[in-house]
Amino acid sequence: MKTINVMIAGIGGQGLVMTTEFICQAAFLEGYDIKSNDVIGLAQRGGRVWGSVRIGEKIQSPNIPEGEGDLLLGIEPMEALRWQESMKSEAKMVLNRHLVYPTNVQQEQEAYPQDEIQHMLESFDSLELDALMEARKCGNEKAANTLMVGCVSHFLPISEESWMEAIRRTYPEKVREVNEKAWKKGRDLAKEAEFI
Amino acid sequence: MDKRNQQIMTGNQAVARGFYEAGGLVAASYPGSPTVEILESAQQYPEVDAQFSTNEKVALETAIGASFAGVRALASMKHVGVNIAADPLMTFTQTPVRGGFVLVSGDDPGMHSSQNEQDNRNLAKFANMAVLVPGDSQEAKDYTKTALEISEKYAMPVMLQITSRICHSRCLVETSEREEAIQDEFPRNVPSYAMIPPNTFDKQYAMKERLEKLSSHNDAIRMNALKEEDGADTLIVTTGLTYYNFKEVEEKIKPVSILKLGMVYPLPEQWLKGLADKYKNVLVIEEMTPFIENELKLMGITCKGKEYFSFTGELQSEDILEGLREAGLTKEEFAVRSSDDKTEKHVTPRPPLFCPGCPHRPVFDILKKSKVMVNNDIGCYSMGLFPPFEAAHSLISMGATLGISTGMLKANRKAGRNTPLVSVIGDGTFFHSGMPGMVNLINTLHPEDNLTILLLDNGTTAMTGGQKNASTGKRLSEEEKHVDIPQLVKAMGIEDVQVLDQFRYKETSEVVKKAIKTPGLSVLVMSRPCALHFKIKEPVFQVDPDVCIACRTCIRTNCPPLRMKEYEGQEKLKSSIDPSMCVGCSICAQVCPVDAIKRPEGGKRNEND
């Protein structure tokens, strides 16, 4: 199997580190080799954060080589935009329609890059959704990332059984059920949108 | 590999696991990125005593004591933390180590979260220690165990140099059972463990001999991985993650032999010379300083390295390929950088910022408005340097603000200037290394000197994830032990010590401004706890767009939920608050000049994290 490179982009406080671990667990349970990386900055909350997961037969570096990304999870749209150059032209992306404004935008020095994000969505095979709202409907908006993973699960050779076991291994008991629901909801939403 | 014994681990978790498996008993640390989770992971093993110390020096000393007592010990810290611990380290290394001793140094090439990029392999060499460099989590675990074995076998402390990427990356790790390794109690052996001359004289030779012994032994070779290619005239020497990044581009280069070093100091001289003799070219690929390159050159091995690879930042696969291209080692089809290489487009930066409800926010809003000279320190409040506050003028290292302000005041006095100064320091940093600077003030300040110290007592070491410090107890319960900062400062002989609630914005602003105007020393303790760590949430606020005059005073506090937005029926953009982020700290409402921001009746706390 060719190595699959998954990129996750968002901001501090959105739970990215747990999401990269979740994907790693599922791929591991399916029998693949994995390496992942989380890059977290200075702040506890609000700064840019990104993670990478590489899945394959034998992985060397945890870092995704330039232009080799297969899947992009944009937990925050502008953070996803930052990585579009790192993706293959046939890459798939799922974007959470929940904007968080950086200091420059808040201070009205720069506009939030809406047009560029729209352009990116059009240039790639993509799915945009309000993951927070969808996760809230499942019982907890903290499961938004898991829901987005559900959306892209169609592009990963990992069985539902492994995903469910990965949820059990990654998340504390009290949020397991909501994460299971969110993952399935994400998988269904992608199917409905023919993002498969 | 047996899958049942495999687990996914970060580098940090793997170091803790290795320590546990090796029978480690005492782990000590001071929290600093990227190594924070080593100790936090070690705490999950009941067999291991793992506690954060007041600073890295105390952590290292704790590990020294444990090693003296015959048990395996670990001290973990970020690279600059080793500077704090360097004093005991440089002398401890002279003693014959008893219980295995590993110092984990979390280096930060590219400075993701650090004030400098020092390469601590140099510091380890200075301290006559061996240095092991893992390249992934499996190696992080294995090398931690090897470090403890080598430490006991050669009676030397050993450094495990890990980088941010290794700390935070994950891979599969094969685990094994714990094996106990307790030795006899500390013997009475004054010449070996009390480092005072003449006891130290022999130790200089002992340190030299143990390194020579290790470098000539198979232990210095067995951690290396050598892959020789038939007919290759180039030997690549590399280590750690750089090796794996190299492997990503290996297929694009001409056939070469590769040596991956597990131990980068001391190097097996005879073995390396014999190997290098077989090759026309030796090329070293390593992050940061030319450490291995220089070691090879000292042995008389002709090699190149930093000519092609940057001395700063990380070496990603792309950087390595570029260096190899310059060195003429890429295959023909990759010899020219392809023209369609993408250049990065500008995307608005997203600098880190204070959380919603952060108690530091009003402090820097007041300092900005005061237009005063501020010497800052290390913690979340370092971010007061960033726009839109830009309310601080210097930042060097943990606890440095007080000494720096002292020197600046002396200089200004001698130069005939009388500029008021402000020093900002948090509780954790004050305990870590700010206290000596404070004690120093009582005899050095001139009555005309004007220094205002803002002591931000938020009750936790916040920036590294909210670890407990000596001030935390009082936030938990009456009975909990803690150090009372105002009392402590008063006991240091400082008279003007005031405790303020910075969420009473106007009152705080008046006191700060008065202190800045008044000659002498004032210590203002800001008493609000960390909103994130203590999960403080009050009912949310809301902007009335009919009252808002669009002055943006609230916006300039940089609170994340605030934003100018369009309202129906409003000509101008007006301020707004995202209720899903607001924690009701009230600062925006207090800075509003027209009372446009209010807590709506029946307003609720938001339940989000």
Side-chain angles (χ1 to χ4, degrees), chain A residues 11-13 15 17 20-21 24-25 27-28 31 33-48 51-53 59-68 76 78-79 81-86 98 100-113 116 132 141-142 169, chain B residues 3 6 8 10 33 112-113 136-137 164-165 168-172 241 243-250 314 316-318 341-345 347-356 358 380 382-383 386-388 462-463 465-466 532-533 552 555-556 558 560 562-564 573 580-581 608-609:
Chain A
I11 65 173
V17 176
T20 51
E21 187 186 339
C24 286
Q25 285 289 0
F28 161 63
D33 188 24
I34 57 103
K35 275 190 180 173
S36 80
N37 215 338
D38 294 300
V39 179
I40 41 192
L42 283 171
Q44 284 297 310
R45 293 287 184 268
R48 59 185 289 219
S52 59
V53 182
I59 308 295
Q60 300 289 347
S61 170
N63 305 328
I64 299 173
E66 251 171 42
E68 292 293 313
E76 202 285 336
M78 193 185 102
E79 292 311 308
L81 184 64
R82 232 181 267 292
W83 294 101
Q84 69 167 326
E85 309 295 331
S86 305
H98 181 79
V100 182
Y101 302 95
T103 295
N104 264 1
V105 174
Q106 181 195 51
Q107 301 300 318
E108 301 166 273
Q109 287 155 354
E110 280 188 75
Y112 190 89
E116 289 90 333
L132 284 181
E141 65 176 39
K142 280 186 202 164
R169 289 194 181 193
Chain B
K3 243 187 123 174
Q6 279 186 319
I8 295 171
T10 63
S33 183
H112 293 285
S113 52
D136 64 15
S137 302
S164 302
R165 292 275 181 172
H168 297 138
S169 69
R170 291 187 196 86
C171 76
L172 303 181
L241 177 60
Y243 167 77
Y244 293 104
N245 286 342
F246 167 82
K247 292 292 278 180
E248 291 289 336
V249 296
E250 196 181 11
E314 297 180 296
Q316 303 292 8
S317 305
E318 295 79 22
D341 272 1
K342 292 160 181 169
T343 47
E344 241 180 71
K345 286 187 189 135
V347 179
T348 312
R350 188 186 297 274
L353 76 172
F354 296 129
C355 302
C358 176
C380 288
S382 297
M383 296 188 290
F386 296 145
M463 201 177 214
L532 182 69
H533 182 65
R552 295 165 168 80
I555 298 288
R556 283 190 287 271
N558 194 215
L562 286 162
R563 191 170 74 92
M564 297 303 286
L573 297 176
S580 73
M581 293 164 89
N608 303 320
D609 186 16

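So you know, we letter chains A, B, ... as the sequences are listed, proteins then strands, and number each from 1. In what follows, every heavy atom counts, from backbone to side chain, and hydrogens, waters and symmetry copies are set aside. In this text the structure is predicted, and so the values were computed from the model without any measurement.
- Heavy atoms closer than 4.5 Å to chain B are found nowhere in A:Glu116, neither backbone nor side chain.
- Proximity to chain B involves both the backbone and the side chain of A:Gln25, based on heavy atoms less than 4.5 angstrom apart.
- Of the inter-residue distances, the one linking A:Glu21 atom CD with B:Thr10 atom OG1 reads 8.5 Å to the nearest 0.5 angstrom.
- In terms of heavy-atom pairs under 4.5 Å with chain A, the best-connected choice from B:Met383, B:Met463, B:Met564, B:His112 is B:Met463.
- The CG atom of B:Leu562 sits 6.0 Å away from the CD atom of A:Gln106 when rounded to the nearest 0.5 Å.
- Residues A:Val39 and B:His168 have side chains not in contact (no heavy-atom distance under 4.5 Å, counting atoms from C-beta outward).
- In terms of heavy atoms, B:Arg170 sits closest to A:Thr20 at NH1-OG1, 3.0 Å.
- For A:Tyr101 against B:Arg350, the heavy-atom pair with the smallest separation is C-NH1, 4.0 Å.
- Atoms SG and CG, from A:Cys24 and B:Leu172 in turn, are 8.5 Å apart once rounded to the nearest 0.5 Å.
- For A:Ile11, the part lying under 4.5 angstrom from a heavy atom of chain B is the side chain only.
- For a residue to count as touching a neighbouring chain, one of its non-hydrogen atoms must lie under 4.5 Å from one of that chain's; by this rule B:Phe386 touches chain A with the side chain only.
- Between chain B and the options A:Gly12, A:Gly15, A:Ser36, heavy-atom pairs under 4.5 Å are most frequent for A:Ser36.
- Remark: B:Arg556 pairs with A:Gln107, B:Arg552, B:Thr553 by the side-chain contact (heavy atoms from CB on, under 4.5 Å) rule, at least two apart or across chains.
- Scanning all heavy atoms of the two residues, the minimum distance from A:Ile64 to B:Glu318 falls at O-OE2, 4.4 Å.
- Here the closest non-hydrogen pair linking A:Lys35 and B:Cys171 is CG-CB, 3.7 Å.
- Taking CG of B:Asp136 as the start and CD1 of A:Ile59 as the end, the distance is 12.0 Å to the nearest 0.5 Å.
- Distance check: A:Asp38 CG to B:Ser164 OG gives 12.5 Å after rounding to the nearest 0.5 Å.
- A:Glu68 does not touch chain B: none of its heavy atoms, backbone or side chain, sits under 4.5 Å away.
- For chain A, the option among B:Pro388, B:Gly466, B:Cys355 with the highest count of heavy-atom pairs below 4.5 Å is B:Pro388.
- Across A:Pro62 and B:Leu241, no two heavy atoms sit closer than the pair CD-CD1, 3.5 Å.
- Proximity to chain B is limited to the side chain of A:Asn63, based on heavy atoms less than 4.5 angstrom apart.
- Every residue meeting the side chain to side chain donor-acceptor pair (under 3.5 Å) condition with B:Ser113, not counting sequence neighbours, appears here in chain and number order: B:Ser33.
- Counting heavy-atom pairs closer than 4.5 Å to chain B, the top residue among A:Glu76, A:Arg169, A:Gln109 is A:Glu76.
- Listed options B:Ile555, B:Thr348, B:Leu353, B:Val249 were ranked by heavy-atom pairs under 4.5 angstrom with chain A; first place goes to B:Thr348.
- B:Asn558 and A:Thr103 share a side-chain donor-acceptor pair at under 3.5 Å.
- Contacts of B:Pro356 with chain A are absent, with no heavy-atom separation under 4.5 Å from either backbone or side chain.
- No donor-acceptor contact under 3.5 angstrom links the side chains of A:Ser61 and B:Glu248, judged on distance only.
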